[in-house]
Number of protein chains: 2
Amino acid sequence: MPKVGMEPIRRQQLIKATMAAIDEVGLADATVARIARHAGVSAGIISHYFGGKDGLLEATMRQILSDLGEAVAACRRKLRNDTPRARLEAIIEGNFDRSQVTDPVAKTWLAFWASSMHKPRLARLQQVNDRRLYSNLCAQFRRLMPLDEARLASRTLAAVIDGLWLRGALTPEGLDAEGARRAALATLDRLLAASDSVAASDSATAIDAR
Amino acid sequence: MPKVGMEPIRRQQLIKATMAAIDEVGLADATVARIARHAGVSAGIISHYFGGKDGLLEATMRQILSDLGEAVAACRRKLRNDTPRARLEAIIEGNFDRSQVTDPVAKTWLAFWASSMHKPRLARLQQVNDRRLYSNLCAQFRRLMPLDEARLASRTLAAVIDGLWLRGALTPEGLDAEGARRAALATLDRLLAASDSVAASDSATAIDAR
DNA sequence: CTTTATTGATTGAACGTTCAATAAAAAACT
DNA sequence: AGTTTTTTATTGAACGTTCAATCAATAAAG
């Protein structure tokens, strides 16, 4: 059934199949044969479109990261009032929307997280994403509190978000997106409450990112 | 140089070598040959003492979990005053002491975390450990706040601890144990501050654990 | 008839496990 | 005290399996 213009279709198909395979048997047992079977195509097609298994894995991680970025951006666009607090809430919403917070995505995410420790190409993707999250958080907190405090708050909130994903991916019942969202928002409340009571006498114009 | 009573020595040696190999090249490339080389022994010895590679990996995870439990218990024993707050602080200290918070331990920890998603034997170990942490946290928070709040606080603090480990394992500079400890303690401060101001008019005797 | 898309058997490398052989220590014996 | 026997510890080559990548063959579409 070969037609012209199959490339984007097959690429999407194979990326989705990769997540399905990782969800099913884990990254270690996600062979090209298994992924291809999930997509209903032959194994050889993977090298044809992605240059090899590694290319497919990298493309899959890119897909997840870009979906995440997209979800956060969408939440920010929906904002009516542009307070720092609203921005921070939007970041949280975006991180627990993530296109869909499905089991395949969460498990693939964690698998790549571990894998990126020793694959430079994945590590770079991972790091860019991390820094972006941290910068975004820090820029907003910075408008509400001194720099040192803002850094600590950013670090804490980032850890909570990642920790909730991690625990969600591992729990047998799957990630409870709604509960996680609430927990993250409650943490934000506490982080802001501390500085609210002190003072808002701060003319912070410079934005900082690490 | 075969002597009698080598078993416990070799087991320790091989478990340590496993962590070193995972630190070096990741779980996926930690072959029996490489692990054996790290320990300065032959590959065959692994099957002899652990029944196979899987046995060695399980033993290594057990070692890490037991070291963690030991560190937490040690911190609790050192307590002079037995307030809930002191207990919670001890749990945090223990989690960021972890025998030694070294790079090999952190990376091995995360590798097993990911791996346990699809290996039932590892998943069981993982889950027992998680529940213990959560129960311990919840039991202490329960003495200071209503049940619902205590559950949320436990979930949050557990997520922060795991999140800090996760981010520490991934960051190129390695886990900053001291900074992580401070961040976790600051989070605890905030979690307790919220309830402190409300009331301490609670005669909570029943301890709860999920 | 050329181009694009796809297949699937084949290949070569890498891996975990096995096991006969070996070597040192301990025990038994003279 | 010296010699043999048994036990324990260890090796590393061989085996069978699995996997990713390759590529000649095929087939539909242009």
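When reading the values below, keep in mind they use all heavy atoms of this one structure, side chains included, and skip hydrogens, waters and symmetry mates. Order of the sequence lines sets the chain letters (A, B, ...), proteins ahead of strands, with each chain counted from 1.
Between the CD atom of B/E7 and the P atom of D/dT7 there is a distance of 18 Å, given to the nearest Å. Distance CG (A/D29) to P (D/dT17): 18 Å, rounded to an integer number of Å. Here the C1' atom of nucleotide C/dA14 and the CZ atom of B/R34 are 12 Å apart, to the nearest Å. The distance between atom CE of A/M6 and atom P of D/dA27, rounded to the nearest whole Å, is 19 Å. The CZ-C1' distance, from B/R37 to C/dA14, rounds to 14 Å in whole Å. Distance CZ (B/R10) to C1' (D/dT11): 12 Å, rounded to an integer number of Å. Rounded to whole angstrom, the span from the CD1 atom of A/I46 across to the P atom of D/dA21 amounts to 9 Å. Rounded to an integer number of Å, the gap from CG of A/L27 to C1' of D/dC19 is 14 Å.
For B/H48, taking side-chain heavy atoms from C-beta onward, the closest of the listed nucleotides C/dC15, D/dT10, D/dG12 is D/dT10. Candidate nucleotides C/dT17, D/dT11, C/dT7 were compared by shortest atom distance to the side chain of B/V32, and C/dT17 ranks first. Taking only side-chain atoms of A/K53, from C-beta outward, the nucleotide of C/dT17, D/dA21, C/dT7 with the closest atom is D/dA21.
Between B/M19 and B/Q63, the closest side-chain pair of non-hydrogen atoms falls below 4.5 Å. The shortest distance between side-chain heavy atoms of B/V32 and B/I35 does not fall below 4.5 Å.
Within the nucleic acid shown, A/S47 comes within 4.0 Å of at least one base atom, counting heavy atoms only. Within the nucleic acid shown, A/G44 comes within 4.0 Å of at least one base atom, counting heavy atoms only. Within 4.0 Å (heavy atoms only), A/Y49 reaches sugar-phosphate atoms of the nucleic acid but no base atom. Note on B/G51: nothing from the nucleic acid sits closer than 4.0 angstrom, heavy atoms only.
A salt bridge does not link A/R34 to A/D29: none of the charged side-chain nitrogens sits closer than 4.0 Å to a carboxylate oxygen. A/R143 and A/E149 are not joined by a salt bridge, as no carboxylate oxygen comes within less than 4.0 angstrom of a charged side-chain nitrogen.
Ranked by how close their nearest DNA chain D nucleotide is to the 5' end, B/I45 and A/A30 are led by B/I45.
Counting all heavy atoms, side chain and backbone alike, B/H118 lies closest to B/P120 at O-CD, 3.7 Å.
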